[in-house]
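Worksheet for the structure shown next.
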Amino acid sequence: MINIELIRKNPDFVKENLAKRDIFLKDRIDDILKLDEERRQKIKRLEDLRALRNSKSKEIGILKKQGIDTEELEEEIKNLKNDIAELEDELRRIEKYIEDLLLRIPNLLHESVPYGKDENDNVEIKRWGELPKFDFEIKDHSELGVLRGLIDFDQASAMSGSRFSILKGPLAKLERALINFMLDVNTKNGYKEMIVPHLVKGEALIGTGQLPKFQEELYYIKDDELYLIPTAEVSLVNAYRDTILQESDLPINLTAYTPCYRREAGSHGKDIKGLIRQHQFDKVELVKIVHPDNSYEELEKLLLNAEEILQLLELPYRVVALCSGDIGFSASKTYDIEVWIPSQNKYREISSCSNCEDFQARRANIRFKDKTGKNRFVHTLNGSSLAVGRTLVAIMENYQTKDNKILVPKVLRDYMKEEYI
RNA sequence: GGAGAGAUGGCUGAGUGGUCGAAAGCGGGUGAUUCGAAAUCACCUGUGGGUUUAUGCCCACCGAGGGUUCGAAUCCCUCUCUCUCCGCCA
């Protein structure tokens, strides 16, 4: 959530910044400003009335002790009651309205974010690794997986519908190996391993920014009013909801493996085939809760920690800085890591590393006490240590052999106990 | 699922209708004492909001939401959560 004080003090800055996202929000900001003005007027009037009531009540207490009749005073206060109740009502309505508007406004962008309309305007930062060369006709991962009996899409869709899959035998084991491998690297890098709830309340999703705006992306269990998490980021960030940390607690580095559940409502027709886009996929996530003064240094570290996984797996990738039009709702700045997918002859997103600054911290109310004793909002960052399913795809395709086998990356051999699957 | 108990400031814990934002202790901070330290003593020490050039003043908050009352931490109702016992269960 954007700081309303900033909107109040510098509305043009906010408008110009949000305009870079290529969505129209100017009028919305003006609405907020007007309502905010109205809100403060009402607060003033309401508090004056309450002060009057309080002092008169106090007087009654004193007079009664002295045995003096207070009926007249009591009548006076009764007359205030309606006005107070009415104002309280109006104020509550306005505050709710402002809150609703504010919760639907995306984060401000960092000055270093390149301007652009969509993903085509993202800026490549670096490339790593050599693209594999094949002296045979390659297969895409789903063809290879089905052929080898390692993936079953048909039975999965029979029981669950489209965009589900069953991994079998050594491929299932490879998925598990990847999860363990990533968690091992992350904990070695100083991230604390967490096991977190997969079902969360709406408040948690408001905290991280998925709600109220992206309801249609989420699986919702009506009877219990719980949502399935679309990413472990939700649970990890909310593990610190409504807390005041010590400055010495920062930075907090967390990692967790969870499945992620997404309805993919807006992506009909995209990536229909294969494991690339599923309603349920495994992901190992990284979250940092950091001091606001060095969150951009922390973002670089986070990116390197995610890159390290691909380097160890020896998978070629590139890093792009997302442009203003492609950055997610909660982020101020985002790097995507894209891994090479031979069958598509292009790089595909496998990790997304973002600094949300204090956007989530405000929503989830996560603060720390600074040296002067003041409570300040932390900055939160998140990144996929890697989307495990897509990593699996990348391994299957980049490491495939002529005889339809898959070479196990060296770092996974201890986990797999086998050289080929 | 059944029965009971509880939820108060960073923590422990008092407070059952009026000057209580809340005793006391612990913890934390500042100062005095000391060559220095410990101990001791004094003072300070919750959050959010409104207003103000500022000191300040005001409002709200004692799990959440309603209600009674001139006035609620205190009385009433609903909900949530925690603990204990019983049952069930991976």
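Chain naming here is simple, since letters A, B, ... match the order of the sequence lines and numbering starts at 1 in each.
- For the P atoms, the distance from B/rU30 to B/rC85 is 45 Å, rounded to whole Å.
- Computed from coordinates, the A/I60 CD1 to B/rG17 P distance equals 18 Å when rounded to whole Å.
- Look at B/rG48: its Watson-Crick or wobble partner, with both distances under 3.5 angstrom, is B/rC59.
- Checking B/rU47, B/rG71, B/rG50 against the side-chain heavy atoms of A/S57 singles out B/rG71 as nearest.
- A search for side-chain contact (heavy atoms from CB on, under 4.5 Å) contacts involving A/E418 returns nothing, not counting sequence neighbours.
- Between B/rA7 and B/rU74, the distance separating the two P atoms is 12 Å to the nearest Å.
- Pair check for B/rA37 finds none; no Watson-Crick or G-U wobble contact set falls under 3.5 Å.
- Comparing the P positions of B/rA24 and B/rC79 gives an interatomic distance of 38 Å, to the nearest angstrom.
- Residue A/N375 contributes atom CG, which lies 12 Å from atom C1' of B/rG10 at whole-angstrom precision.
- When the side-chain nitrogen and oxygen atoms of A/K369 are compared with OP1 and OP2 of B/rU47, one or more of them lie within a distance under 4.0 Å.
- A/R93 has no carboxylate O lying under 4.0 Å from a charged side-chain N of A/E38, or vice versa, which leaves the two without a salt bridge.
- Straight-line distance from the CD atom of A/E38 to the P atom of B/rG49: 20 Å, rounded to whole Å.
- Separating the NZ atom of A/K42 from the C1' atom of B/rG49 is a distance of 17 Å, rounded to the nearest angstrom.
- Panel note: side chain A/S351, backbone A/S384; a donor-acceptor pair is recorded below 3.5 Å.
- B/rG87: no Watson-Crick or G-U partner with both key distances under 3.5 Å is found in any strand.
- Checked options A/T391, A/I406, A/D140; the residue passing with A/M396 is A/I406 (criterion: side-chain contact (heavy atoms from CB on, under 4.5 Å)).
- Ion pairing between a basic and an acidic side chain is recognised when a charged N comes within 4.0 Å of a carboxylate O; A/K34 and A/D30 show no such pairing.
- Across the strands present, B/rU53 finds no partner; the criterion is a Watson-Crick or G-U wobble pair with both atom distances under 3.5 angstrom.
- Within residues 234-249 of chain A, no residue is approached by RNA chain B to less than 4.0 Å at the level of any non-hydrogen atom.
- For the contact set between residues 73-85 of chain A and RNA chain B, defined by any heavy atom under 4.0 Å, the members are A/E74, A/I77, A/K78, A/K81.
- As rounded to whole Å, 12 Å separates atom P of B/rG48 from atom CD of A/E5.
- Between A/K301 and A/E298, at least one side-chain nitrogen of the basic residue sits less than 4.0 Å from a carboxylate oxygen of the acidic one, meeting the salt-bridge criterion.
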- request: Assign a letter to each nucleotide of nucleotides 51-66 of chain B from its 5' end: B, base within under 4.0 Å of a protein heavy atom; S, sugar-phosphate only; -, no contact.
  value: S------BBS-----S
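- Here the P atom of nucleotide B/rC79 and the NZ atom of A/K201 are 16 Å apart, to the nearest Å.
- Here the separation of B/rC26 from B/rA42, taken at their P atoms, is 12 Å to the nearest Å.
- For A/D36 and A/R39, the salt-bridge test passes: some basic side-chain N is under 4.0 Å from an acidic carboxylate O.
- A/L322 has its side chain out of reach of A/V113: every pair of non-hydrogen atoms, C-beta onward, lies at least 4.5 Å apart.
- Not a single donor-acceptor pair under 3.5 Å links the side chain of A/T187 to the backbone N or O of A/E193.
- Across the strands present, B/rC20 finds no partner; the criterion is a Watson-Crick or G-U wobble pair with both atom distances under 3.5 angstrom.
- Rounded to the nearest Å, the gap between the P atom of B/rU19 and that of B/rA73 is 9 Å.
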Listing, residues 212-219 of chain A side-chain donor-acceptor contacts under 3.5 Å, not counting sequence neighbours, or none:
| residue | atom | partner | partner atom | Å |
| --- | --- | --- | --- | --- |
| A/Q215 | OE1 | A/Y227 | OH | 3.4 |
| A/Q215 | NE2 | A/Y227 | OH | 3.0 |
| A/E217 | OE2 | A/A265 | N | 2.9 |
| A/Y219 | OH | A/H279 | ND1 | 3.2 |

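- Nucleic acid contact for A/R45: none, since no nucleic acid atom lies under 4.0 Å from a heavy atom of the residue.
- Look at CD on A/E59: it is 15 Å from P on B/rU19, rounded to the nearest Å.
- Inspection of the A/N355 and A/S332 side chains reveals no N or O donor paired with an N or O acceptor under 3.5 Å.
- Spacing of C1' atoms, B/rU8 relative to B/rA3, comes out at 27 Å, to the nearest Å.
- Using a cut-off of 4.0 Å between Lys/Arg side-chain N and Asp/Glu carboxylate O, A/R163 and A/E264 are scored as not salt-bridged.
- Using cut-offs of 30° and 60° on the angle between ring planes, the pair A/W340 and A/Y347 is perpendicular.
- One C1' atom belongs to B/rG67, the other to B/rC58, and the distance between them is 27 Å to the nearest Å.
- Residues that satisfy the salt bridge (charged side-chain N to carboxylate O under 4.0 Å, His left out) test with A/R376, not counting sequence neighbours, are A/D293.
- On the P atoms, B/rG46 is 10 Å away from B/rA22, given to the nearest whole Å.
- Between the CD atom of A/E95 and the C1' atom of B/rG49 there is a distance of 9 Å, given to the nearest Å.
- Using Watson-Crick or G-U wobble geometry with both donor-acceptor distances under 3.5 Å, B/rC26 finds its partner in B/rG10.
- Remark on RNA chain B: of its neighbouring residues A/D36 and A/K64, the 5'-side contact belongs to A/D36, judged by nearest-heavy-atom nucleotide.
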